[in-house]
2 protein chains.
Amino acid sequence: MTMEHHTNDKSGTFAKTIRIVDIARMAGVSTATVDRVIHHRGKVSAENLARIRAVLEQVDYRPNLIARSLASGREHVVAVVMPEFAAGEYWADFEAGILRAEAEASRYNVTVRRFRFDQYDRTSFERVLATLREETFDAVVLATLFAERVIPFTQELDERNIPYVFVDSDLPTCHRLAYFGTSSFDAGAVAARLLFERLDPSADIVVGKILHRGEGGSNQCRERERGFCDYLARHDFRGVLHAVELRLDDEACNTRILDELFAHHASIAGAVTFNSTCYILAGYLSARRRSGVRLVGYDVIDRNRRMLDEGVVTALVAQRPEVQGYRGVMSLSAWLVEGRRPAEVNNLPIDILLKENISYYTNNNI
Amino acid sequence: MTMEHHTNDKSGTFAKTIRIVDIARMAGVSTATVDRVIHHRGKVSAENLARIRAVLEQVDYRPNLIARSLASGREHVVAVVMPEFAAGEYWADFEAGILRAEAEASRYNVTVRRFRFDQYDRTSFERVLATLREETFDAVVLATLFAERVIPFTQELDERNIPYVFVDSDLPTCHRLAYFGTSSFDAGAVAARLLFERLDPSADIVVGKILHRGEGGSNQCRERERGFCDYLARHDFRGVLHAVELRLDDEACNTRILDELFAHHASIAGAVTFNSTCYILAGYLSARRRSGVRLVGYDVIDRNRRMLDEGVVTALVAQRPEVQGYRGVMSLSAWLVEGRRPAEVNNLPIDILLKENISYYTNNNI
DNA sequence: ATCGCAAGTGTGTGCGCACACACCGGCAAT
DNA sequence: ATTGCCGGTGTGTGCGCACACACTTGCGAT
């Protein structure tokens, strides 16, 4: 019995979609041979290959990805190498993006596997890399915190022919498929502008840093600091930058250090951190009732958001971590499933958050 | 001959995907009956309906959208009612979002039809609405510029049972499926903060307005102005607001008006517009070399961007038009294809652009 | 008793593609 | 002459779903 099925109108008008059978008919071969050409599976005579290619070209064949995905049932695994985190921390937002991408990409049989490390401990990152060597996956999203360890690892990936994208900060020398993140250098300049705009050019500035169980700060923090200093240099800054090393978990110690600093330098009127821990400085300023210090930091995490709301933090500079996660995974998904190559460098917007606009800065808004 | 096909592992482990056949088997009916329940096609006994629904619920059945789209071949048409525009104007960015959504949704047989009106001419909007009455479509994205015309039209849509979403500014009284845009009121407050932050509280401020071939400004502009004034009132503003009516296409006239204004009010130190035409004021300030006036406006369109780069405009407040277009269409697509209901109010972030971060504010970054 | 009809149900086909497998011819090794 | 092998080719099945159509029952009308 012949059945019409829904109108596909293969007879009347012209606008029909071209399928593999059509190609096959045009080239005078079977669909399997066309399939071999499309997927470079070989085993096709030079003659047929040329003819099929010509037809493919001529009709500008576009495979139906829906059907392909249905039929192939092939699973693609995207590995994501990222820091561990607690709720409300920076990488939680990144994770939210991963989750959203996961939900969307699962339609195309793409799954995500997470590999987490301690962002303050280089050896934990190395352990993750070791694990990765034993695992199989089709692509990787790499957070580049430990740049000097990432670079050699990408060579292994190159050899294994596994595509990878970077997030957080870029390492342009690697053969990454793409980068998603802000220009850390320019994000430094933005912080400088926000801090310096209303400052006396001869006022001093505190630069809060966090001690790492390893080397001195991430690649990203270094770049931001460069951009920050560059801006000051170009804008007639005549004060002094006081770097202080603070601790994540020792408030008493931080207080002691800062008390001493402020005691010796009355002209401090600004403060900045290059990672997401400006809430530490904010907590101090708030506790000591020092309202005369402008404070600028990075990333909209819960604790920073609160301090901005309370007026202790002047401004936050943010980098859309959720978008980084989402697009990192989605770009690889598109590459694996459709062979669609993403733009290589994707510098995301540098967001500025003030008390007045922070409340709408949420993750569910792409 | 039985063929294994790629490993779908319906026997061994647990993680198999649940299909309609599985539901049917569990409920002791055929797939067609399950299909009738899923699509509310009726003709199912109360008994079976209850049982099938229970199974559906219990296993949390998620249809395979890929397969559905392949099989159904059903077309959904999303109408988009939006202003005409030239390249580089505000609505061009919105259009970019529409295009992106279109590309993505076309996989699910969703197509977009545009209906354009002249944003400065109310009668042209009414003509579009008249056209819409004759057309068939499955859902609408409505730009709410002419609020008082939109409201009665949504009643017609309600009667025709056609879902619609708003963009640009919200009209909470309508039965919209969703709204995508900023809180205009708060965006007004942000502009006030950016403008007023470094201003002498007793300085005067110019408010630039554009004459409309109709009533006085859009719903959005009115709301922004309210938020702006509210902020000033709460922050001890003691100057005067001078509203001036400018023209889109008559520079000489604008110059005359502004010359006169500045001649009479030497204490003007700030300027603002509540739509995207702050480049007009900027052009004047630049031509007259008046560097002592802080200028804040809305929307990152080409001409504003240039003025920000040159330092004539102090800051721009932006509202992610591209996201509005994208999500407007995508939310309706998801609703039509999957029956997934979006959040009702989606207040997008209010973006702040300065000379230092404008260069990364592009549309291709979601 | 027969028919018509409606409500309810099941069977089968195809969407466009990927891929397992069978197959065919020719040529070298036994 | 038989076997094996290999480059090259075609056939058939199923992915999960939507839907056209055939079918079954029960009941009232003729």
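Convention: sequence-line order gives letters A, B, ...; per-chain numbering from 1. All heavy atoms count here, side chains included; hydrogens, waters and symmetry mates do not.
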Report yes if at least one side-chain N or O of [X] is closer than 4.0 Å to OP1 or OP2 of [N]; otherwise report no.
{"X": "B:Ser72", "N": "D:dA18", "value": "no"}
{"X": "A:Arg68", "N": "C:dA18", "value": "yes"}
{"X": "B:His39", "N": "D:dC19", "value": "no"}
{"X": "A:Asn48", "N": "D:dG8", "value": "no"}

For the [atom1] atom on [X], are there more than 12 heavy atoms of other groups (residues, nucleotides or ligands in this structure) within a distance under 6.0 Å?
{"X": "B:His175", "atom1": "NE2", "answer": "no"}
{"X": "B:Glu135", "atom1": "CD", "answer": "yes"}
{"X": "B:Arg341", "atom1": "CZ", "answer": "no"}

Between [atom2] of [N] and [atom1] of [X], the distance in whole Å:
{"X": "A:Ile38", "N": "C:dG16", "atom1": "CD1", "atom2": "C1'", "value": "11 Å"}
{"X": "A:Leu65", "N": "D:dG16", "atom1": "CG", "atom2": "P", "value": "18 Å"}
{"X": "B:Lys43", "N": "D:dG26", "atom1": "NZ", "atom2": "P", "value": "19 Å"}
{"X": "B:Arg41", "N": "C:dG10", "atom1": "CZ", "atom2": "C1'", "value": "15 Å"}
{"X": "B:Leu56", "N": "D:dC17", "atom1": "CG", "atom2": "C1'", "value": "14 Å"}
{"X": "B:Asp35", "N": "D:dA18", "atom1": "CG", "atom2": "P", "value": "6 Å"}
{"X": "B:Ile18", "N": "D:dC15", "atom1": "CD1", "atom2": "C1'", "value": "17 Å"}
{"X": "A:Ile20", "N": "D:dG10", "atom1": "CD1", "atom2": "C1'", "value": "14 Å"}

Next item on the list: Map B:Leu49 and A:Ser69 onto DNA chain C by nearest heavy atom, then report which one ends up closer to the 5' terminus.
Entry: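 Between the two, 5'-proximity favours B:Leu49.
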
Check: Which residue lies toward the 5' end of DNA chain C, B:Ala67 or B:Val29, if each is placed at its nearest nucleotide?
Finding: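 The residue mapped nearer the 5' terminus is B:Val29.
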
Notebook entry, point to check: Could one point to a donor on the side chain of A:Arg36 or the base of D:dG10 with an acceptor on the other under 3.5 Å away?
Noted result: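 For A:Arg36, whose side chain was compared with the base of D:dG10, there is a donor-acceptor pair (under 3.5 Å).
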
Of the listed nucleotides ([options]), which one gets closest to any side-chain atom of [X]?
{"X": "B:Ser45", "options": "D:dT9, C:dT11, C:dG8", "value": "C:dG8"}
{"X": "A:Tyr61", "options": "C:dC17, D:dG16, D:dC19", "value": "C:dC17"}
{"X": "B:Arg19", "options": "C:dT9, C:dT11, D:dG16", "value": "D:dG16"}
{"X": "A:Ala32", "options": "C:dT9, C:dA20, C:dA18", "value": "C:dA20"}
{"X": "B:Thr31", "options": "C:dG12, C:dT9, D:dT9", "value": "C:dG12"}
{"X": "B:Leu70", "options": "D:dC15, C:dG16, C:dT9", "value": "C:dG16"}
{"X": "B:Thr33", "options": "C:dC19, D:dG16, C:dG10", "value": "C:dG10"}

Check: Can you name the closest pair of heavy atoms from B:Phe137 and B:Ala79 and give their distance?
Finding: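 Answer, listing the atom of B:Phe137 first, then B:Ala79: CG-CB, 4.0 Å.
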
Contacts table for residues 26-37 of chain B: side-chain donor-acceptor under 3.5 angstrom, sequence neighbours left out:
{"residue": "B:Ser30", "atom": "OG", "partner": "B:Ala32", "partner atom": "N", "Å": "3.4"}
{"residue": "B:Asp35", "atom": "OD2", "partner": "B:Arg41", "partner atom": "NE", "Å": "3.3"}
{"residue": "B:Asp35", "atom": "OD2", "partner": "B:Arg41", "partner atom": "NH2", "Å": "3.2"}

Note to self: Out of the candidates B:Leu171, B:Val345, B:Leu177, only one should pair with B:Phe166 under the side chain to side chain contact (heavy atoms under 4.5 Å, CB included) rule; please name it.
What the structure shows: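 The side chain to side chain contact (heavy atoms under 4.5 Å, CB included) with B:Phe166 is passed solely by B:Leu171 among B:Leu171, B:Val345, B:Leu177.
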
Next item on the list: Could you tell me whether A:Val21 contacts a base, only the sugar-phosphate backbone, or nothing, with contacts defined as non-hydrogen atoms closer than 4.0 Å?
Entry: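 Touches nothing.
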
